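In the text below, chain A, chain B and the rest are named by the order of the sequence lines, each starting its count at 1. These figures come from a predicted structure and were not determined experimentally. Only this structure's heavy atoms are used, side chains among them; waters, hydrogens and symmetry mates stay out.
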Amino acid sequence: MRELYTPNHSAVHRIDARVKVIFTLAFIVFLNLTPSGAWPAYILFFTWMFSLSLSSRLGIAFVLKRSLLALPFVLAALPLVFTGPAPLGQIPVLNTPSLTYSVVGFYRFASIAIKAWVSVMAAVLLAATTRFPDLLTAFSQLKVPALFLTIIGLMWRYLFVISDEVTRMLIARTSRSATAPGSNRSGGSLFWRARVTGGMAGSLFLRSIERSDRVYAAMLSRGYTGQPAAQKTTRLQKKDLLALAAGVILLVLLWLLGVITGG
Amino acid sequence: MEPVIEISNLSFSYPDGKQALEGINLLVQPGEKIALVGANGAGKSTLLYHLNGIFTGSGMIRVNQLELNKNNLPRVRAMVGLVFQNPDDQLFSPTVYEDVAYGPTYQGLDPHTVREKVALALKAVHMEDYAQRNPYHLSSGEKKKIAIATVLSMQPQILAFDEPTAGLDPRARRELIDLLLELQQTMIIATHDMNMVEQLTPRTILLNHGKIVADGPSLDILRNDRLLMTNGLI
Amino acid sequence: MEPVIEISNLSFSYPDGKQALEGINLLVQPGEKIALVGANGAGKSTLLYHLNGIFTGSGMIRVNQLELNKNNLPRVRAMVGLVFQNPDDQLFSPTVYEDVAYGPTYQGLDPHTVREKVALALKAVHMEDYAQRNPYHLSSGEKKKIAIATVLSMQPQILAFDEPTAGLDPRARRELIDLLLELQQTMIIATHDMNMVEQLTPRTILLNHGKIVADGPSLDILRNDRLLMTNGLI
Amino acid sequence: MLFSPINPMHIPDGFLSVLLSIVLWVISVVLIGIALRKTGQTIGERQVPLMGVLAAAIFAGQMLNFSVTGGTSGHLLGAAIAAILLGPWPAVLVMTSVVAVQALLFQDGGILALGANLFNMAIIGPFVAYALFTLLMKLFKKQTWGLFVAGFVAAWSSIFIASLACALQLALSGTSPANIAVPAMGAIHALIGIGEGLITIGALAFIFAARKDLLKADANKPARNIGVVVGGLLISLVLVVLSPLASSHPDGLEWVAEKHGFIEAAREAFYNIVPDYSMPGISNPALATIVAGILGAVIVFGVAYGIARAEKRPSAQDDAQR
Ligand SMILES: Nc1ncnc2c1ncn2[C@@H]1O[C@H](COP(=O)(O)OP(=O)(O)OP(=O)(O)O)[C@@H](O)[C@H]1O
Ligand SMILES: Nc1ncnc2c1ncn2[C@@H]1O[C@H](COP(=O)(O)OP(=O)(O)OP(=O)(O)O)[C@@H](O)[C@H]1O
Ligand SMILES: [Mg+2]
Ligand SMILES: [Mg+2]
C-alpha cells in the first residue's frame, strides 16, 4: 500500500491546504450540481482540472490513470441507457430485433460518467499534492473535532505498518499453500479457507489491540494527557482568500453556464 | 550430485521501481547450510521470497531441476519451506495443531496422513505437548519453533529462514541453533547474527544493494574486515 | 551524592493476575549505565514501565527524591525518557519533526524553544536531515535513532531503553552503541545483547520471574556461568 | 467482476444527487458527533490509540482474502467485528476513519458522496451488526456456538442492509433504476456478506481462543446502547421493507406519501435543487416519495432513539443476566 502524495515543488503543492480542501469540495459540489447534458460546462470543468493537474507536475498520465478508478462503478448507471424515456434509438445487432436505447438515458449515463471522472481527478489532485499531516492540520483549522483527527492521524501512521504485516501474513500463507508431490488436489474446503483467513484477521486485530496499549504507553511517557496539545492557527493570507473567492465565483459562473446549456 | 537450487542472472524490482536484486547467480548443493548476510535493505528477504515463487523476477530459478514458473509453483512450494522473521506473521490459527496442519490440509491430504505429518513435525522441534495450545500465548522462542514445525510438516527438502534468532533470549537462541544443527535439510538463512553464522553455516553469501559481493566459506568472509566494512557490516 | 532512582519493595501483578514483579529493591546513582538482563518474560519491560509511572505497583519509587504518585507523575515523566523496543510503537506522528516535537509541545514550551530542542535532539542522533520525512519510510536503524531523539528532545535526566539493538544490522548496532557511550545521562537498558552489556554498561541487574537475582559489575555476572544457566540465559 | 473488486459499496462522486448527498452528510455528521461525545465520555483517552490502530488494522485487514472460485475472492469489510470488539459508538468512529481515509487518500468513494458512504458503512454497518449481535447473544445466552452464529448473522446483515441503502440512494438519485439497482446490489452483497460472515467467524474463533476477555468486556454494558439496538433494528426493518417496495411498487409508496400530504411540499422543495428531474424508470412523484420514505425512516429512528435515551436507566437485572 503506497500513499498518493508525490513531493514536487509546483505552485499547486504550495497552496494552503485549507484553500485546497475548500476549493476541491466546492468544485465537486458545483460540478455535480450541473444538470446532465451540459457538455460545454463539462468541457470547461474538465479543462480547468486538467490544467491544474498539468501545473502540479504530477504527470498527466498519472492523474488520468488514477482517476479511472471510479470506472467500474459506472456499470451501476448503465441500465439508464436502456430504461430511459423516449426518444429511443436503435442499434442494429446482427439481425433483428435490434437493440433499443434511450437517447435521454444515454446522455444521463454519459453525464454521470464524466462527472464521476472529473470529480475523482479533483480528489486525486488534492491527495497527491497535499501532505497528509497538512491535510489534518487544515481539517483541524476547519474545526473538525480534535479527538477525531487524533484517531485519523494515528490510523494513517499505522496503516502502512499494519498493511506490511498483512502483506507478510499473506505471503506466509501463500508459501505454505502447496500441492503435494504427485497430487493435483489442493486447496482444502471453502469453509476451511475462510476460517483460516478469519484466523489471520483475528490475530491481526489482537496484535493491533496490544500494540495500541504500547502506543498509549509511549504517548503517556511523553506527556500525553488526553487533551490535544495547543494547535497553532495561522490565519489565511489575503491572497489565499482572494484566490479562493475567485475560484468559487468562477465555479458558480460555470454552473450557471451548465444550467443554461444543460438538459 | 545435481544442485538443489540453481539461480542464474536473477534480477527483480519492486512495483515502485526500487531495484532489490541484480544479476544473482547461485548454485546450492543438497544438504548445504548457507548464510545470507548483508546490511538492512541489502535484499536478503527479497531473495528468499524468490525461492518459492512469491516474487518472480527476470532470470531463471530451478529447484530440483524444476524450473520455477506458474505451472510448477505449487510443487516448488512443497519443496521449499519458508520461515518468516516474525512468527506472528506465520501463526494464525486458534491452535498450534491447526497451524501445523495448514500445509498438509491445503495439499488435500486425507485427515489421517495430516495427523501423522503434524505429529512428526512437532516431534522434530520437541513441541509435542503444545498441540492444543493457542500459538498466541507462547513465548517468542516457542513461537519460533512452532513456525518451523508449520514448515516441516510439509516435508520440504529446502528450508529458508528469515532472521531466525532476532529477538530471542540467549537460551532460546542457543536451542534454536541446536535444532537447526540437527536438521538434515538444505538450509538458507538470512541473518545479522554473525555468531550463529560461524557455528551453523559453513558457507556465506554476502549481499549488498541487491548484488552478491562475496560467496565462500563463512570463516573467510567473517574474518575479511575490509569486505565487511565496505558492505556496511562493521 | 543522592541516588537518582530509588525503588523499594516494588511488586506488580497484571490485571489478569500474572505476577510480573516481586519485591524489587534498587538504587541508581547519577550517571550510572545499567543493564537489565533476564530471559524472555523475566519482567524487564514491566520494570522499565514503572520508572515513569505507566504501571504502578505496590511499593515505593523515588526519582530525584520525588516520590512517584499521581501528583508528581507529569514531572517524573519529564525526568525519565523511555525508548520502546519497537520504534513503531513509539513513532506515532505523521512526520519525524512532529514526533520529536511531541514531548516539548506537551510540556507547553513556546514554539521557538520547541524548535530548538528538536534541532538539538536530531543532531545528537545525526538525523538532522530527516525532519520532514515520514517515520514509516525509514529503515529500522533510522527509526530507532528517531525514537531516541523523541526522548532526548525532552532532555530527561534518565534514559530507559527496551532492547535497543534488537533487529539492527551490525553497523547500525555499532553506531547506536557509540551514541549511547557518548551520552552523559543515567541509563537503564533492558537487553539480550550481552556483547553490548560488556562494552556499554559497567553494572548489570539480572531478573528472573520478576525478582532481582543478581546486581553487580557486568563482567562478574557475565562470567558467572552457573548464575546465567540457572536464570535461563545459557 | 461487475463492480470494483475491493469494495463495491463505495459510491464515487457523480452518482448521487447533490441534495441527497447533503442530507446524508448532515445525518452522518450528527450521528458521528454523538459517537464522538459518547466515546469521549464513557471510555476515556486510552481508547484513542486503540481506535486509531484498530482502524488501521481494519483498513489493512481488507487486504485479507480467500479464493472462492475462478478468480473471485471473499474479503473482510470489518464493521461487524469492530462493533463486536469495541461496542457500537467507537465502532462508528473507527469505521468513519476507515471510510474517510479511503475516500481522501485512495479515492475509494467520492468526497461529496462521503456522507452517503459514511452513512452506509460507518453507521448502518455497525448499528445493524451490533443490534443483531446483541439480540442473538441474548437469545443464545451462554452457548459458545451462539457467539459464532450471532457473529455470522451480524456480519452478513451489516453488509446486506448497507448495500440496500446504497442501492436506494442510487435509485433516489436517478442513477440506477430501483428495479435493477436493488436486486443487483442486494444479490451481490448477499454473496459478499457470506464471505464477511465466514471470516468474522474465523476472527471470533481466534479471539475467543486467545483473549476471551475482549469478547466479554463489551457484553457487560449492552443496556447503555439500547438506542443503538433499537435504531439498528429499525434501520434493518425499514430498508428490508422499503427495498422491494421501491423496486416493484413505486406507486404504492407514492400513495402512502400522498395520503400524508408529504408529496406536494417535497415536490416543490426538490424541484429547484435536484438538477435533473426527468428520471427514467421512476416517475417524479416516486422519487419524492422514496425521499419522503427515507426521511420518515430517519425521523422514526430519531424518535425511537430519543425515547431510548430518555429512559436509558436499564434494569440492573438486565445487566446481571449477561
Ligand atoms: N514492498 C516493497 N516495495 C518497495 N521496496 C521494497 C519493498 N520491500 C523491500 N523493499 C526495498 O528493497 C530492498 C531490499 O529489501 P529486503 O527486505 O530484501 O532487505 P533485507 O536485506 O531483507 O533487509 P533487512 O535486513 O532490513 O531485513 C530495500 O531497499 C527495501 O527498501
Ligand atoms: N499485558 C500483560 N498482561 C498480562 N501479563 C503480561 C502482560 N505483559 C506482560 N505480561 C507477563 O508479565 C511477565 C513479564 O513480562 P515483560 O514484558 O516484563 O518481560 P520481559 O522481561 O520484558 O521479556 P522479553 O525479553 O520477552 O521482552 C511475563 O510473564 C509476561 O507474560
Ligand atoms: Mg529482511
Ligand atoms: Mg520486554
Side-chain angles (χ1 to χ4, degrees), chain A residues 3-4 25 28-29 32-33 35-36 69-70 72-73 75-77 79-80 83-85 102 104-105 112 115-116 119-120 123-124 127 145 147-148 150-152 154-156 158-159 162-163 166 190-191 193-195 197-206 208-209 211-212 215-216 219 226 263, chain D residues 2-4 12-15 18 36 40 45-46 48-57 59-61 63-68 74 76 81 85 93 97 100-101 104-105 107 110-112 170 175-177 180-181 195 198-207 210-211 214 275-276 278 280-281:
Chain A
E3 61 183 323
L4 201 55
L25 194 60
I28 293 176
V29 168
N32 281 278
L33 273 175
S36 94
L69 266 182
F73 208 92
L75 284 177
L80 288 180
T83 59
S102 150
V104 176
I112 288 173
K115 284 181 192 175
S119 299
V120 181
V124 168
L147 172 61
F148 189 54
T150 312
I151 296 175
I152 290 200
L154 282 169
M155 170 193 176
W156 182 73
Y158 286 102
L159 185 53
I162 295 180
S163 71
V166 173
L190 177 64
F191 181 73
R193 285 199 302 273
R195 227 174 88 86
T197 310
M200 295 168 78
S203 80
L204 180 70
F205 291 145
L206 277 193
S208 303
I209 287 170
R211 178 194 290 276
S212 80
V215 172
Y216 180 65
M219 292 168 79
Chain D
L2 204 58
F3 295 99
S4 145
D13 283 324
F15 288 80
V18 175
L36 274 171
E45 85 265 19
R46 177 168 208 120
V48 170
L50 174 59
M51 287 189 287
V53 175
L54 209 57
F59 195 152
M63 292 156 67
L64 291 174
N65 60 357
F66 63 99
S67 59
V68 178
L76 183 76
I81 196 89
L85 282 179
L93 292 186
S97 310
V101 168
L104 274 176
L105 286 190
Q107 288 76 47
I111 291 180
L112 180 56
L170 288 174
T175 303
S176 202
I180 292 175
L198 290 178
I199 299 184
T200 301
I201 289 183
L204 287 176
F206 188 95
I207 295 169
R211 288 283 305 271
L214 289 175
D276 48 329
S278 60

**Report entry** Test side-chain contact (heavy atoms from CB on, under 4.5 Å) applied to A:I152 and D:L104, step by step
**Finding:** CA-CA 11 Å; A:I152 290 200; D:L104 274 176; over 6 Å; no
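- With chain A as partner, the option from D:L93, D:V53, D:L54 having the largest number of non-hydrogen pairs under 4.5 angstrom is D:V53.
- Distance CE/D:M51 to CG/A:L147: 5.5 Å, rounded to 0.5 Å.
- Of the atoms belonging to D:A55, heavy atoms from both backbone and side chain fall under 4.5 Å from chain A.
- Of all heavy-atom pairs spanning D:A210 and A:L206, the tightest one is CB-CD1, 3.5 Å.
- Counting heavy-atom pairs closer than 4.5 Å to chain D, the top-ranked of the candidates A:A127, A:P145, A:G202 is A:G202.
- Heavy-atom pairs under 4.5 Å with chain A were tallied for D:L198, D:V101, D:L50; the largest tally goes to D:L50.
- With a 4.5 angstrom heavy-atom cutoff, D:I201 does not touch chain A via any of its atoms.
- Panel note: side chain A:T197, backbone D:I199; no donor-acceptor pair is recorded below 3.5 Å.
- Contact count against chain A (heavy-atom pairs under 4.5 Å) is highest for D:L105 among D:L112, D:L170, D:L105, D:T200.
- Of the possible polar contacts, none joining the D:D13 side chain to the A:A116 backbone as a donor-acceptor pair under 3.5 Å is found.
- The OG atom of D:S176 lies 9.5 Å from the CZ atom of D:F15; values are rounded to the nearest 0.5 Å.
- Neither the backbone nor the side chain of D:L204 comes within contact range of chain A, judged by heavy atoms closer than 4.5 Å.
- When A:L25, A:I28, A:L204 are compared by the number of non-hydrogen pairs under 4.5 Å with chain D, A:I28 comes out ahead.
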